[in-house]
Amino acid sequence: MRYLYPAGRIIFALIFVTAAPRHFTHVGIQHAADLGVPLASLLVPISGLMALAGGLSVAVGYKAKGGAWLLVGFLIPVTLMMHAFWKLQDSSMIHVQQAMLAKNLSMLGAALLLTQFGAGPMSFDKHE
């Protein structure tokens, strides 16, 4: 049972860690700008740092509550700005963005739980 905690943390954090590098590319910044993100050239790299730092913190279980708060701070604006299906007209794109919004909301729920319960056993936090 104790191995479920680190496995769950790693699986949860994987999406943030693997997606973060795109936040530092012209393509990633331009995509956000095209969707109306203000100051995308500044805010998108900052969000990439938040995703990477929060994801790594949760994955290894070091200062995981703080890392989870970084992910909450990342997820709220990203979810609302990047997956605003209510602004779209194309029904297939609406469906895709509704699914992406739902995915982000589920991750937000998990991150909020981590802010309260922490990393669990088999973490650096447990040994402090």
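Note: hydrogens, waters and symmetry copies are ignored here, and every other heavy atom, side chains too, is used. One-based numbering along the sequence shown.
Atom CZ of Phe117 is surrounded by 12 or fewer heavy atoms from other residues, nucleotides or ligands within 6.0 Å. Taking a 6.0 Å sphere around CD1 of Ile15, one finds it holds 12 or fewer heavy atoms contributed by other residues, nucleotides or ligands. Within 6.0 Å of OH on Tyr5 lie no more than 12 heavy atoms contributed by other residues, nucleotides or ligands.
A distance of 4.0 Å separates CE of Met107 from CZ of Phe16, quoted to the nearest 0.5 Å. Between the CD1 atom of Ile29 and the CG atom of Leu42 there is a distance of 9.5 Å, given to the nearest 0.5 Å. Note that CG of Leu88 is 13.0 Å distant from NE2 of His95, once rounded to the nearest 0.5 Å. Rounded to the nearest 0.5 Å, atoms CG (Leu4) and CZ (Arg9) are 11.5 Å apart. Between the CZ atom in Phe12 and the OG atom in Ser106 there is a gap of 8.5 Å [rounded to 0.5 Å].
Shortest non-hydrogen contact noted between Ala59 and Ala13 is CB-CB, 3.7 Å. For Pro77 against Gly73, the heavy-atom pair with the smallest separation is CD-O, 3.0 Å. Closest non-hydrogen pair, Ala64 versus Ala119, comes out as CB-CB, 3.6 Å. Heavy atoms only, all atoms of each residue included: Ala32 and Val44 are closest at CB-CG2, 3.4 Å. Ala111 approaches Leu75 most closely through the heavy-atom pair CB-CD1, 4.5 Å. Minimum heavy-atom separation, Pro121 to Lys126: CA-CG, 4.1 Å.
Put simply, the side chain of Thr115 never gets that close to the backbone of Lys65: no donor and acceptor are under 3.5 Å apart. Looking at Thr79, its side chain never comes within 3.5 Å of a backbone N or O of Asn104 through a donor-acceptor pair.
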### Evaluation steps, side-chain contact (heavy atoms from CB on, under 4.5 Å), between Trp69 and Leu114
CA-CA 8 Å; Trp69 278 116; Leu114 283 163; over 6 Å; no

#### Entry: His23/Phe74 under ring pair (Phe, Tyr, Trp, His ring centres under 6.0 Å): CA gap, chis, key distance, verdict
CA-CA 12 Å; His23 291 77; Phe74 166 84; 5.8 Å; yes

Inset, instruction - Go through Gln97 and Lys87 one step at a time and tell me if the side-chain contact (heavy atoms from CB on, under 4.5 Å) criterion holds. - result: CA-CA 10 Å; Gln97 291 307 321; Lys87 295 179 180 179; over 6 Å; no

- Show your working on side-chain contact (heavy atoms from CB on, under 4.5 Å) between Met100 and Met82 and close with a plain yes or no. CA-CA 9 Å; Met100 296 296 282; Met82 301 296 289; over 6 Å; no

**OP:** Output, in order, the C-alpha distance, side-chain angles, deciding distance and verdict of side-chain contact (heavy atoms from CB on, under 4.5 Å) for Met50 and Leu71.
**Re:** CA-CA 7 Å; Met50 292 171 73; Leu71 296 177; over 6 Å; no

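Hydrophobic clustering keeps Phe24 apart from Leu35 (ILVMFWY residues linked when any side-chain heavy atoms are closer than 4.5 Å, directly or through intermediates). Under the 4.5 Å side-chain heavy-atom criterion for grouping Ile, Leu, Val, Met, Phe, Trp and Tyr, Leu80 is connected to Leu112 within one hydrophobic cluster. Hydrophobic clustering (ILVMFWY, side-chain heavy atoms < 4.5 Å, transitive): Met81 and Trp86 are in one cluster. Cluster membership for Phe85 and Ile76, using ILVMFWY side-chain heavy atoms within less than 4.5 angstrom, is shared. Val58 and Leu49 end up in different hydrophobic clusters when Ile, Leu, Val, Met, Phe, Trp and Tyr side chains are linked at under 4.5 Å.
No side-chain N or O of Asp125 forms a donor-acceptor pair with one of Ser123 less than 3.5 Å apart.
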